[in-house]
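Take a look at the structure below.
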Amino acid sequence: MSDVKPPPSAASPGALSVQTLNKRADFLRAASARRVPMPAFLLQARKRAEGEAEGIRVGYTCSKKVGNAVARNRAKRRLREIARAVLPSQGVPGWDYVLIGRREATATRPFTELQDDFARALAKVHQ
RNA sequence: GCGGAGGGCUGGAUGGCCGCGGCGCGACUUUGCGCAGCAAGGAUCGCACCGAGGAAAGUCCGGACUCCCUGAAGAAACGGUGCCGGGUAACGCCCGGGCGGAGCAAUCCGACGGACAGCGCCACAGAGAACAGACAGCCAUGCUUGCAUGGUGAUGGUGAAACGGUGGGGUAAGGCCCACCGGGGCCUUGGCAACAGGGCUCGCAUGGCAAGCCCCACCGGGAGCAAUGCCGAAUAGGGACCGCGCUACGGGGGCUUCACCCCGCGGUCCGGGUUGGCAGCUGGAACGUGUCGGCAACGGCACGUCGAGAGGAAUGGUCAUCCAGAGGGGUCCGCCCCUUGGACAGAAUCCGGCUUACAGGCCCUCCGCGCAU
RNA sequence: GCUGCUGUAGCUCAGAGGUAGAGCACUCCCUUGGUAAGGGAGAGGUCGAGAGUUCAAUUCUCUCCAGCAGCA
């Protein structure tokens with residue numbers, strides 16, 4: 001807040017832009033690629049073909065198995081929050097990521113641990 | 001003080017830091033006209049404001065609003081409602097009253113019309129389960145002394161239920177007679193009505209089930225915002241059947257006419273394509289306060305307020321302090337310290353209800369018991 | 001979001017207001033040298049849950065709870 005920088009002249013594409021997945025086909029393709037299980041979520045990821053889309057894309061899945069509407073929304077929000085915190089620095093452009101919530105665990109695991117889990121899962125999926 | 005009944009309100013608070021959705025303004029940027037600028041857009045940035053519930057839930061009722069069908073109304077069919085009166089846009093909801101039941105009471109509960117309009121069912125047991133009839137028994141008469149005829153329905157056993165109940169008198173026995181209770185009919189008084197009170201009369205014509213069919217009264221056309229309308233893109237410029245036109249128009253062969261072919265219009269179905277945008281989309285039978293009418297539900301009037309509009313779907317993450325709550329410890333009994341920790345649950349066209357889920361907290365009214373006065 | 005449908009034995013399904021059944025599967029026995037088939041016997045059920053009507057409810061009525069479909 002100290003120095004108000006002038007408005008950016010152009011929307012910076014590339015590493016910093018994170019888009020949200022919302023097509024069923026994208027989810028299906030990601031599901032058939034690599035997956036890394038974690039105590040509070042499951043990460044699926046795939047490297048897109050050339051020219052398909054730009055930047056990092058991420059999707060969230062919380063099915064009815066997670067719980068009622070309140071539990072599902074809460075899990076989705078926490079997943080969004082860790083993605084916002086971790087992906088700009090540790091995500092790789094050209095990849096699609098899908099985060100899948102788990103019952104109880106996604107909502108109750110301490111936030112810092114959840115964040116560390118995600119960082120470790122990303123490292124593992126990139127190898 | 002203890003126990004209980006009814007109703008209402010509330011559904012953690014404050015502040016950092018980082019984020020999300022909407023709308024407005026500004027910046028930046030794209031496109032078009034054109035070049036002062038204007039219009040439309042943007043997945044970017046900044047600022048300001050707003051941003052879940054009492055149930056947003058279940059989708060059980062009732063509407064508004066759209067589309068479809070239909071000449072109007074009515075009937076039939078089907079479905080629903082069901083004591084009476086009122087409230088309401090409407091309701092299966094709410095209020096008041098009646099009747100029945102529970103409770104010492106406050107109060108609570110009740111699908112609560114009709115069983116002489118008709119049909120049906122009532123297993124097992126039992127003599128008999130519904131216009132009665134007679135297994136045992138009892139009584140009388142007859143005599144071939146254990147049978148016949150007649151009377152009786154008080155007694156027995158069965159059953160959920162047995163053609164009123166209890167008591168007394170009389171009789172061979174028995175509503176045969178009487179009293180009370182219960183019931184039917186008629187009249188009458190009060191009440192808008194449900195119904196209640198009173199009088200007279202009838203020895204008593206007579207189970208239950210209508211959440212069985214049904215009768216009576218009243219209500220209801222069908223589908224749903226994924227409705228529906230518009231724009232764009234893309235594919236096909238299709239196929240089948242029916243009806244109409246059957247050459248008046250267009251095209252073809254043809255000099256022209258007739259005739260023939262392609263075909264034209266409408267409807268239904270099938271096949272193929274698109275899963276984009278905008279509208280519908282939130283100011284309303286709205287909410288708050290006051291006042292008037294009404295026992296009340298509710299209504300009238302006046303003033304004030306604007307309170308989410310997403311679209312793979314926004315309210316979050318984290319930290320600190322406080323406030324309830326729970327556990328432990330200390331205590332000068334005022335309290336202090338540590339740990340833990342926040343019910344049910346998330347708008348999706350919008351309203352009125354019902355039902356179901358719910359940690360706690362606060363307030364009001366009333367009843368019973370105990371104590372004191 | 002809206003609209004339907006279904007819950008009965010381990011599985012697939014019947015069922016009428018009066019004692020819950022069928023087929024497959026399971027257990028035991030017979031048959032066979034042995035297995036399969038066949039025959040006989042047996043076990044297994046809060047009829048999804050809770051209220052109500054009825055003398056009596058799995059069945060009738062209401063309210064919940066699950067599961068499965070359809071609609072752009």
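We name chains A, B, ... by the order of the sequence lines, and we start the count at 1 in each one. All values reported here derive from a predicted model rather than from experimental measurement. Below, all heavy atoms of this structure are taken into account, side chains as well, without hydrogens, waters or symmetry copies.
No donor-acceptor pair closer than 3.5 Å links the side chain of R35(A) to the backbone N or O of Q44(A). Put simply, the side chain of R102(A) gets close to the backbone of M38(A): a donor and an acceptor are under 3.5 Å apart.
The partner of C138(B), taking Watson-Crick or G-U wobble pairs whose two distances both stay under 3.5 Å, is G151(B). The pairing partner recorded for A193(B) is none, the criterion being a Watson-Crick or G-U wobble arrangement whose two distances lie under 3.5 angstrom. With a cut-off of 3.5 Å on both pairing distances, C249(B) has no Watson-Crick or G-U wobble partner at all. Of the nucleotides present, A22(C) is the one that pairs with U12(C) by Watson-Crick or G-U wobble criteria, both distances under 3.5 Å. When Watson-Crick and G-U wobble pairs are counted only if both distances are under 3.5 Å, A49(C) pairs with U63(C). In this entry U321(B) has A13(B) as its Watson-Crick or G-U wobble partner, both defining distances falling under 3.5 Å. Applying the Watson-Crick and G-U wobble criteria (two distances, each under 3.5 Å), G276(B) pairs with C231(B). Using N1 to N3 plus N6-O4 or O6-N4 for Watson-Crick, or N1-O2 and O6-N3 for G-U wobble, each under 3.5 Å, G32(B) pairs with C38(B).
Between U152(B) and C124(B), the distance separating the two C1' atoms is 31 Å to the nearest Å. Look at the P atom in both C64(C) and C94(B): the space between them is 16 Å, to the nearest Å. U291(B) sits 33 Å from C91(B) when the P atoms are compared, rounded to a whole Å. Atom P of C358(B) sits at a distance of 9 Å from the matching atom of C344(B), rounded to the whole Å. To the nearest whole angstrom, the two P atoms, one in A22(C) and one in C29(C), are 23 Å apart. Atom name P, nucleotides G1(C) and U59(B): the rounded distance is 8 Å, in whole Å. Taking atom P on both G159(B) and G128(B), the two are 14 Å apart, rounded to the nearest angstrom. Here, G15(B) and G6(B) have their P atoms 41 Å apart, quoted to the whole Å.
A continuous path of hydrophobic side-chain contacts links L122(A) to I82(A) [ILVMFWY only; heavy atoms under 4.5 Å]. V66(A) and L42(A) fall into different hydrophobic clusters, defined by Ile, Leu, Val, Met, Phe, Trp and Tyr side-chain heavy atoms under 4.5 Å apart, directly or through other members.
Across every non-hydrogen atom of F118(A) and L99(A), the tightest pair is CE1-CD2, 3.7 Å.
Atom NZ in K76(A) sits about 14 Å away from atom C1' in C20(B), given to the nearest Å. R80(A) has its CZ atom 11 Å from the C1' atom of G21(B), to the nearest Å. In this structure, N73(A) places its CG atom 16 Å from P of G53(B), rounding to the nearest Å. In this entry the distance linking CD1 of I56(A) with C1' of A43(B) reads 15 Å, nearest Å. Atom P of nucleotide G312(B) and atom CG of L99(A) are separated by 19 Å, given to the nearest angstrom. Per the geometry, CZ belonging to R57(A) stands 17 Å off P belonging to A43(B), to the nearest Å.
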What N/O pairs connect the protein and nucleotides 317-320 of chain B at under 3.5 Å? Give each pair on its own line.
from: G317(B); atom 1: OP1; to: R74(A); atom 2: NH2; distance (Å): 2.9
from: U318(B); atom 1: OP1; to: R78(A); atom 2: NH2; distance (Å): 3.0

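Here the CD1 atom belonging to I100(A) is positioned 11.0 Å from the CZ atom belonging to F41(A), to the nearest 0.5 angstrom.
In this structure, G175(B) is classed as syn because its glycosidic torsion stays within 90° of zero. G32(B) shows a glycosidic angle more than 90° from 0 and is accordingly assigned anti. Classification of A52(B) as syn follows from a glycosidic angle within 90° of 0. A syn base is found at G334(B): its glycosidic angle is within 90° of 0. The glycosidic torsion of A39(B) lies more than 90° away from 0, placing the base in the anti range.
Look at R109(A) and D117(A) and you find a salt bridge, because one of the NZ, NE, NH1 or NH2 atoms lies within 4.0 Å of a carboxylate O, short of that distance. Salt bridge absent: R78(A) and E81(A) never bring a charged side-chain N and a carboxylate O closer than 4.0 Å.
When the nearest nucleotides of RNA chain B are assigned to A69(A) and T61(A) by heavy-atom distance, the more 5′-ward of the two goes with T61(A). Judged by closest nucleotide on RNA chain B, Y60(A) is the one of Y60(A) and A71(A) placed further toward the 5' end.
Here the side chains of Y60(A) and V98(A) are not in contact, with every heavy-atom distance at 4.5 Å or above.
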